[in-house]
Number of protein chains: 2
Amino acid sequence: MRARRSETVRVTGRVRPADGRIRDACVRLFAQKGFQGTGIREIAAEAGVTTAALYHYVDTKEELLLDIMYGVLDPLTAAARRIVKEVDRPEARLSALVEHHVWFHATNQLPTVVTDSEIRSLGSEVRADVIARRDVYEAIWRSVVADGVADGTFRVADPRIAAIAMLQMCTGVAHWYRPTGPLTLLQLSRRYADLVLSMVRAARGGLPVRADTLGSPSPARGIDAHV
Amino acid sequence: MRARRSETVRVTGRVRPADGRIRDACVRLFAQKGFQGTGIREIAAEAGVTTAALYHYVDTKEELLLDIMYGVLDPLTAAARRIVKEVDRPEARLSALVEHHVWFHATNQLPTVVTDSEIRSLGSEVRADVIARRDVYEAIWRSVVADGVADGTFRVADPRIAAIAMLQMCTGVAHWYRPTGPLTLLQLSRRYADLVLSMVRAARGGLPVRADTLGSPSPARGIDAHV
DNA sequence: GTCTATATTTGGATAGAC
DNA sequence: GTCTATCCAAATATAGAC
C-alpha cells in the first residue's frame, strides 16, 4: 500500500512529474471527457501502458490532475509577475497581461480547459491550494486594473468586477479557439487586448488607448514551459 | 426493460418533466460535484426517494441533465427573441440582452452552471441538439452586434469575436456571483451592460452610450420560468 | 519499470412485490 | 408510485512475478 485513498495528496509544492506520455494522455482525455468521466484504464491505454505501470509514477488519479493544473497556474503567474516588473504603465501592463493570457490559453487549450473546468473534482485540501494559486494570479490583474483606475487611465465603475469579467472572457478563448481561423495568434491576442482596453475606457491625454499603439513585446517572450 | 441504455434519449422536443424534488436535487448535485461525479443513489437520497422510484420518472440519468439544460436554454432564447422584437436600436438591444442574461444567470446559478459545464457529458446525439439550441441563442447576440457595427453604432474589429467574448464574460457571472455583495442584481446587470457597451465602443452623436441612459426595462419582465 | 491478475467498491439500471 | 433486493459492468487501486 502506497498512500491512503482519498483527500491525502500532499499539498506541499509540486507533485512528482509523471512521464510525458502519461501526462499528455491525461490532458487529452480530461479535456475531452472530464476528469470523472475518464477511467484509469483509458489513461493507461492512451499512454500505451498498463494501469499497474501508471501507479508506478503516481499514487492517485487526482495527482495526475494536479500536475496539469500546476503546469498551467505556475507559468501564468510567473509571466504576470514578469510583466508587472518589466512594464510600467497600467494600460501597457494590462495589454501585456491580456495578450499573454490569450496566447497561453490558445497554445495550451487542453490543459487550460482542464484547469478551468475541473477544480471541483479535487479533494477539498488540494482544491484549496489550487484556488489559492489561482487567486494569486487573479490578484495581479485586479491590482493592475485598480492602479489604472487610481491614476485616471481607466474608467470603470467597479474595478473588481471588471477584472473578473475580463479574466473570464480571456480564459474563454481556450474553449472556442481553433487554429484554422483567419487570424494569427498574435492578431487574436491583440484583438482581445483591444477589447479589454475599450472595456476599461483606457485613455491618455483624452484619447482612447489602442493595443497596437503600445508596442507590447511578443507574449511568448521569456520562458513558458507548457504542460 | 424501458429503453435501450445509451445514446438513445429522444432528441425530439422536451423530456418528460421530472418531479420537482428530483430536478432540484439534480441541479444541486450536478452543480457541486459534476454530472459524472454524482451517483444515481446520491440523487435519490437528496430527493428523498429510492433509486427505483427515480426510474419511474425518467429512463436514464442523462435525461435528468437534459431537463436542466432545456430549462435554461429555452427561456434564454425566448427572452432574447422578445427583446429583439420589442426593442429597436442595437445599443438598446445589446444592453437589454446583457442585462437579462446576467440577471438570469445570477438568479439561476446552479442550472446555468450545469448547462455551461456539462455539455460534454451528453451522448453525441443529444449533445448536438443542445449545442444547436445554444447556437440559436448566441446567433441572436451575434446579429445584434453585427447590426450595431453595420450602422456605425458600434466599433469593433471583429464582431464575431466580440460576441463570443461578451457572452463568456456574462455567463461567467453564474460562476462567481454571491448574493451577499454590495450590489443589487439590477445594479450588477447594469454594470455588465456598461462594460459591454464600452467594449464595443457604442456611441451616438459622437458620445459614448451608457447603460443608464437607455432606460431599459427590468430584465425580469415577461415570463421567465426557472428550472 | 512493466507486466498479469485480481481485490474491492461503486456505478447505472431492473425485477417484482405492494 | 414507491419500496426491497439485486444484476452486472466499470471504477480505483494492489499484489506479486519478471
Side-chain angles (χ1 to χ4, degrees), chain A residues 1-10 15-26 29-30 32-68 118 120-126, chain B residues 1-10 15-26 29-30 32-68 114 118 120-127:
Chain A
M1 199 183 320
R2 215 175 304 226
R4 283 201 19 77
R5 198 157 314 217
S6 63
E7 303 270 334
T8 46
V9 177
R10 289 162 307 299
V15 294
R16 234 181 314 161
D19 184 80
R21 287 174 311 163
I22 295 173
R23 200 169 43 213
D24 289 351
C26 286
L29 290 168
F30 292 169
Q32 184 183 59
K33 321 182 48 166
F35 176 73
Q36 322 242 28
T38 302
I40 218 77
R41 287 167 183 75
E42 292 174 271
I43 299 171
E46 178 93 2
V49 294
T50 61
T51 69
L54 255 189
Y55 282 99
H56 171 77
Y57 292 97
V58 87
D59 285 342
T60 66
K61 185 184 161 191
E62 188 180 39
E63 261 189 51
L64 293 166
L65 178 57
L66 257 188
D67 189 30
I68 294 169
E118 297 293 352
R120 69 168 155 211
S121 300
L122 295 169
S124 52
E125 301 173 17
V126 290
Chain B
M1 202 183 313
R2 216 173 304 225
R4 286 203 15 78
R5 198 158 314 218
S6 63
E7 303 270 335
T8 48
V9 177
R10 289 164 307 300
V15 293
R16 232 181 317 164
D19 184 80
R21 287 175 310 163
I22 295 173
R23 201 169 41 213
D24 289 351
C26 284
L29 290 169
F30 292 169
Q32 185 183 58
K33 320 180 52 166
F35 176 74
Q36 322 241 31
T38 301
I40 216 77
R41 287 166 182 77
E42 290 175 272
I43 298 171
E46 177 94 1
V49 293
T50 61
T51 68
L54 254 189
Y55 281 99
H56 172 76
Y57 292 97
V58 88
D59 285 342
T60 65
K61 184 185 161 191
E62 188 181 40
E63 262 189 50
L64 293 165
L65 177 56
L66 256 189
D67 190 30
I68 295 170
V114 170
E118 296 293 351
R120 69 168 155 212
S121 300
L122 295 169
S124 53
E125 300 174 16
V126 290
R127 184 172 60 237

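Here is the naming used below: chain letters follow the sequence lines, and residue numbers restart at 1 for every chain.
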**Student:** Without decimals, in angstroms, what is the distance between B:Asp59 CG and C:dG12 C1'?
**Tutor:**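 Distance, rounded to whole Å: 13 Å.
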
**Student:** If I take atom CD in residue A:Glu63 and atom C1' in nucleotide D:dA13, what distance separates them, rounded to the nearest angstrom?
**Tutor:**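 Taking CD of A:Glu63 and C1' of D:dA13, I get 13 Å after rounding.
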
**Student:** Quickly work out the A:Gln36 CD to D:dA10 P distance and round it to whole Å.
**Tutor:**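 The answer, rounded to whole Å, is 18 Å.
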
**Student:** Salt-bridged, B:Arg120 to A:Glu118, with N to O below 4.0 Å?
**Tutor:**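 Salt bridge present between B:Arg120 and A:Glu118.
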
**Student:** Protein within reach of the bases, or only the backbone? For nucleotides 1-6 of chain D, mark each nucleotide 5' to 3' as B, S or -, using heavy atoms under 4.0 Å.
**Tutor:** BBBBB-

**Student:** Looking only at side-chain N and O atoms, does A:Thr60 offer a donor or acceptor that is under 3.5 Å from a partner on A:Glu63?
**Tutor:**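 Side chains of A:Glu63 and A:Thr60: no pair found under 3.5 Å.
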
**Student:** Could you state the interatomic distance from OH (A:Tyr57) to CG (A:Asp67), rounded to the nearest 0.5 Å?
**Tutor:**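 It is 13.5 Å, given to the nearest 0.5 Å.
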
**Student:** Nearest whole Å is fine: how far is D:dA11 P from B:Ile40 CD1?
**Tutor:**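 Taking atom P of D:dA11 as the reference, CD1 of B:Ile40 is at 16 Å.
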
**Student:** Report the distance from atom CD1 of A:Ile22 to atom CD of A:Glu46, rounding to the nearest 0.5 Å.
**Tutor:**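 It is 12.0 Å, given to the nearest 0.5 Å.
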
**Student:** Would you call B:Glu42 and B:Lys33 a salt bridge, using N to O less than 4.0 angstrom?
**Tutor:**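 Judged by the 4.0 Å cut-off on N to carboxylate O distance, B:Glu42 and B:Lys33 do form a salt bridge.
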
**Student:** Starting at atom CD1 of B:Ile43, determine the distance to atom P of C:dT10, rounded to an integer number of angstrom.
**Tutor:**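 Computing the B:Ile43:CD1 to C:dT10:P distance gives 17 Å.
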
**Student:** I want to check something: taking the side chain as every heavy atom from C-beta on, are B:Val49 and B:His56 in contact at a cut-off of under 4.5 Å?
**Tutor:**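 Counting from C-beta outward, B:Val49 and B:His56 never come under 4.5 Å.
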
**Student:** Quickly work out the B:Leu54 CG to C:dG12 C1' distance and round it to whole Å.
**Tutor:**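 Taking atom C1' of C:dG12 as the reference, CG of B:Leu54 is at 11 Å.
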
**Student:** Under 4.0 Å between a side-chain N or O of A:Tyr55 and OP1 or OP2 of D:dT14?
**Tutor:**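 Indeed not, no polar side-chain atom of A:Tyr55 lies that close.
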
**Student:** Rounded to the nearest Å, what distance is computed from the CD atom of residue A:Glu42 to the C1' atom of nucleotide D:dA9?
**Tutor:**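 Taking atom C1' of D:dA9 as the reference, CD of A:Glu42 is at 14 Å.
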
